[in-house]
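Predicted, not measured: the structure shown is a model, and the values here were computed from it.
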Amino acid sequence: MDEFVRAASTAEIPPGAAKQVVLGGRRIAIVNLSGTFYAIDDTCSHEVQSLSEGPVTGDLIVCPRHGSRFHIPTGRVLSLPAARPVSTYQVKVEGEEVFVSPTPAPGQGMPHRS
């Protein structure tokens with residue numbers, strides 16, 4: 001199993017918000033969906049744009065540049081102009097600390113409810 005790296009405190013990412021972190025040279029967005037934390041690539045697959053700067057709506061994050069929507073739990077792209085999904089990363093929460101594996105997860109992301 002990949003090593004997890006401390007990425008943030010739970011207090012830094014309120015429900016419905018995203019925070020950009022850099023782990024292992026990758027820009028990753030950590031998103032809090034009602035107390036469940038997910039991690040996805042922070043860069044839109046259409047054009048270089050930080051997804052963590054876009055709005056979180058339900059379980060979607062919207063690219064602020066051209067409006068592509070991504071499903072946070074799976075990284076699937078749900079609207080153009082992006083056509084490729086973004087990677088997800090395993091997350092675990094210990095106490096008030098959020099840890100993320102800096103290696104992309106195969107398949108769906110691994111949420112953790114605090």
Euclidean distance, Ile28 CD1 relative to Thr43 OG1, rounded to 0.5 Å: 10.0 Å
Arg6 and Val98, any side-chain heavy atoms less than 4.5 Å apart: no
Pairwise distance OG(Ser68) to NE2(His46) - rounded to 0.5 angstrom: 6.5 Å
Euclidean distance, Glu97 CD relative to Phe4 CZ, rounded to 0.5 Å: 15.0 Å
Working for side-chain contact (heavy atoms from CB on, under 4.5 Å), residues Val77 and Val86: CA-CA 7 Å; Val77 63; Val86 293; over 6 Å; no
Exceeds 12 heavy-atom contacts within 6.0 angstrom, atom CZ of Arg84: no
Show me the donor-acceptor pairs within less than 3.5 Å that the side chains of residues 11-19 make with the rest of the protein, sequence neighbours left out.
unit_1: Glu12; atom_1: OE1; unit_2: Lys19; atom_2: NZ; d: 3.1
unit_1: Glu12; atom_1: OE2; unit_2: Ser9; atom_2: N; d: 2.7
unit_1: Glu12; atom_1: OE2; unit_2: Ser9; atom_2: OG; d: 3.2

Close side-chain approach of Val21 to Val100, heavy-atom, < 4.5 Å: no
Heavy-atom closest contact (Val31 atom, Val56 atom, distance): CG1-CG2, 4.0 Å
Spacing of CG belonging to Leu23 relative to CG belonging to Asp42, to within rounding of 0.5 Å: 11.0 Å
Residue pair Gln49 / Pro64, side-chain heavy-atom distance below 4.5 Å: yes
Arg27 vs Ser50, side-chain contact (heavy atoms from CB on, under 4.5 Å): CA-CA, chis, key distance, verdict: CA-CA 8 Å; Arg27 290 185 345 169; Ser50 173; 4.1 Å; yes
Least distance between heavy atoms, Ile72 atom then Ile40 atom: O-CG2, 3.4 Å
Arg76 side chain vs Phe70 backbone, donor-acceptor pair below 3.5 Å: no
side-chain contact (heavy atoms from CB on, under 4.5 Å) between Tyr89 and Arg26, intermediate numbers included: CA-CA 11 Å; Tyr89 300 82; Arg26 298 175 189 270; 3.4 Å; yes
Ser79 side-chain N/O to Arg69 backbone N/O, donor-acceptor pair under 3.5 Å: yes
His66 side, atom NE2; Glu47 side, atom CD - distance, nearest 0.5 Å: 5.0 Å
Shared hydrophobic cluster for Val5 and Val22 (ILVMFWY, side-chain gaps under 4.5 Å): no
4.5 Å side-chain heavy-atom contact, Phe37 and Val93: yes
Check: Pro73 and Asp59 side chains under 4.5 Å, non-hydrogen atoms: yes
Flag, side chain of Asp41 to backbone of Ser87, donor-acceptor distance under 3.5 Å: yes
Taking every non-hydrogen atom, the tightest pair across Ile30 and Ala7: CD1-CB, 3.4 Å
Heavy-atom closest pair, residues Ser52 and Ala29: CB-CB, 4.1 Å
